[in-house]
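Being a predicted model, the structure only gives us computed values, none of them experimental. Side chains included, hydrogens not; waters and symmetry mates left out as well; all remaining heavy atoms used. Proteins get letters first, then strands, A, B, ... in listed order; numbering begins at 1 in each.
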2 protein chains.
Amino acid sequence: MTDRLTLGVAARLSTYLRVLTQYRKQGSESISSQEISEYANVNPTQVRRDLSAFGKFGKRGVGYDVKSLTSQIQGILHTGGTHTIALVGAGHLGSAIATSSIFKEHGFRIAAAFDIDEDKVGTAVGDLTVEHADGISARCRELGVVLGVIAVPPESAQMAAEALVDGGLSILFNYTETLLDVPEDVTVHTINPAEEMLYALYFYLT
Amino acid sequence: MTDRLTLGVAARLSTYLRVLTQYRKQGSESISSQEISEYANVNPTQVRRDLSAFGKFGKRGVGYDVKSLTSQIQGILHTGGTHTIALVGAGHLGSAIATSSIFKEHGFRIAAAFDIDEDKVGTAVGDLTVEHADGISARCRELGVVLGVIAVPPESAQMAAEALVDGGLSILFNYTETLLDVPEDVTVHTINPAEEMLYALYFYLT
DNA sequence: TGTTACTTGTGAACACTTTCGCATAGTTGG
DNA sequence: CCAACTATGCGAAAGTGTTCACAAGTAACA
Ligand SMILES: NC(=O)c1ccc[n+]([C@@H]2O[C@H](COP(=O)([O-])OP(=O)(O)OC[C@H]3O[C@@H](n4cnc5c(N)ncnc54)[C@H](O)[C@@H]3O)[C@@H](O)[C@H]2O)c1
Ligand SMILES: NC(=O)c1ccc[n+]([C@@H]2O[C@H](COP(=O)([O-])OP(=O)(O)OC[C@H]3O[C@@H](n4cnc5c(N)ncnc54)[C@H](O)[C@@H]3O)[C@@H](O)[C@H]2O)c1
């Protein structure tokens, strides 16, 4: 149990957590492996196996209690608390991210938003006041940011990445198509829907 | 070879395609499995094995020719042409999507954008003129749309999904947190960065 | 031409994932 | 209280994925 989860299990548990978080908002108290599997696009047996590896969380004939299963998975992933993130780029995408409830729901607090455009610095996006990109590194250290989101034009992405790395971050989420060159200990997660679209299309076409 | 790819292989090939597409724009003609693996977050041996299953695309001592490898993978995934997509919701996120080059680069053409807000209908986002959401189903059929993107507020997502399904689509990309209920033959892909953030954090914290 | 440095392609071993089938346990309604 | 139904948990087997180690090709340069 002190072992590190394999990549696949950790990915699926994160997906279940997303489904559960939303399912709970929609009112229901109990959920079956069948229902989880439909929203998560996995096999129901897989869901049960993933969960039963850590204990007997379900009730036969009933399903899983949404609230307690949520805590259990948060426990397994050690991600129950609040985590502080920083946003670079306050354009269309940046505003959408800053005002979205998606992050808050899962315990992520956007602590600062940065832009290079003097007209945007000082204005509000969501609950935040946009700060100048010059301050990225210093402010990230100050605020204890663990994760940076890059939502700038593609040609500025490398620059943004370097500023965030300078601020001590080692997890970057890159919404641009730019391939980022970062130190070895930094992980870049790329949000590129086109990639998933190609994948989706393959299974549609065959 | 007429067999369907496994989920994992198809996903990785899509990732390689994303990396190659961008790498090519940055000028280089040749790429090694090592380089692909760094940008794709996989093991270099895995890259070589995935590719060598379909033929000998590389040159020992040199690497892979970026251009020809791109075509080869497009051939394997059958996704070389242009595919037509529709966008529902022309707010902050919708505008960002409509103006992003990410989709075009991979052969996706956004053929129409819809919104319910009368003030937005008729205005331009990117190259498109926003159309009224009432026309979603009819226009999707007319335009031969294969894939729909949902970028509306969470409470409107189910409605948007139903309109798209009515228009004959069976692949939906959902940027909202809402769990969508759709017919069995429709696949929903959810873009929820928070899910991937939880996953990223797990490996960071352990 | 010979040497050095590089990088692919693949056999073999091992680890992990996925699925089936079914015993087991809880629930509901008569 | 019993019968019908539902849904979990898990043994076992088959299928995939992942990594190591190395032979074999290619290029560049002295
Ligand atoms: N992955 C996705 O799902 C997705 C969706 C839409 C857009 N995108 C991509 O997101 C990026 C941004 O799109 P957008 O529509 O928000 O663009 P935008 O032009 O509206 O906003 C970009 C903002 O970044 C700021 N900026 C520029 N350089 C900066 C720097 N060095 N530091 C800080 N801020 C800087 C600009 O001032 C601007 O405010 C694009 O690359 C686009 O392709 C990705
Ligand atoms: N997954 C991600 O990466 C990500 C990032 C940012 C935002 N989001 C989510 O995207 C959604 C949209 O965010 P936004 O900032 O663009 O919001 P927004 O309010 O700026 O835009 C929403 C638009 O949808 C339109 N709309 C409402 N109902 C509609 C309907 N039934 N049909 C057509 N159009 C309709 C509205 O008129 C508005 O123009 C939110 O749910 C947000 O949480 C997701």
A:Tyr64 OH - D:dT6 P separation (whole Å): 18 Å

Starting at atom CG of A:Leu69, determine the distance to atom P of D:dT8, rounded to an integer number of angstrom. 11 Å

Between atom CD in A:Glu35 and atom P in D:dT6, what is the gap in whole Å? 13 Å

Please work out which of the three classes, parallel, tilted or perpendicular, describes the rings of A:Tyr199 and B:His189, given edges at 30° and 60°. perpendicular

Nearest whole angstrom, please: distance from the P of D:dT19 to the CD of B:Gln34. 13 Å

Within the sub-3.5 Å range, which N or O atoms of nucleotides 24-30 of chain C have a protein N or O partner, and how far apart are they?
unit_1	atom_1	unit_2	atom_2	d
C:dT24	O2	A:Arg60	NH1	2.7
C:dG26	O4'	A:Arg60	O	3.0

Round to the nearest Å and state the distance from B:Tyr16 atom OH to C:dT8 atom P. 12 Å

Can you see whether A:Thr45 engages A:Asn43 through a side-chain donor-acceptor pair at a distance of less than 3.5 angstrom? yes

Please step through side chain to side chain donor-acceptor pair (under 3.5 Å) for the pair A:Thr176 and A:Asn174, ending with a clear verdict. CA-CA 6 Å; A:Thr176 78; A:Asn174 178 22; 2.8 Å; yes

B:Leu198 side chain reached by A:Phe108 side chain, heavy atoms, under 4.5 Å: yes

Residues that B:Lys25 engages under side-chain hydrogen bond (donor to acceptor under 3.5 Å, both in side chains), provided they are two or more places apart: B:Gln22, B:Glu105

Show the numbers, then the answer: is there a side chain to side chain donor-acceptor pair (under 3.5 Å) between A:Asp50 and A:Tyr16? CA-CA 10 Å; A:Asp50 284 338; A:Tyr16 304 157; 2.8 Å; yes

Nearest whole Å is fine: how far is D:dA23 C1' from B:Lys56 NZ? 12 Å

What is the separation between atom CZ on B:Phe57 and atom C1' on D:dG25, rounded to the nearest whole Å? 18 Å

Would you call the rings of A:His92 and B:His92 parallel, tilted or perpendicular, where under 30° means parallel and over 60° means perpendicular? tilted

Nearest-Å distance, CZ (A:Arg48) to P (C:dG21)? 13 Å

Just call it for A:Ser32: base, sugar-phosphate, or nothing, with non-hydrogen atoms closer than 4.0 Å on any strand. sugar-phosphate

Is there any protein nitrogen or oxygen under 3.5 Å from a nitrogen or oxygen in nucleotides 14-18 of chain D, and what are the pairs?
unit_1	atom_1	unit_2	atom_2	d
D:dG17	OP1	B:Thr6	OG1	2.9
D:dG17	OP2	B:Thr6	OG1	3.4
D:dT18	OP2	B:Arg12	NH1	3.0
D:dT18	OP2	B:Gln46	OE1	2.6
D:dT18	O5'	B:Gln46	OE1	3.1

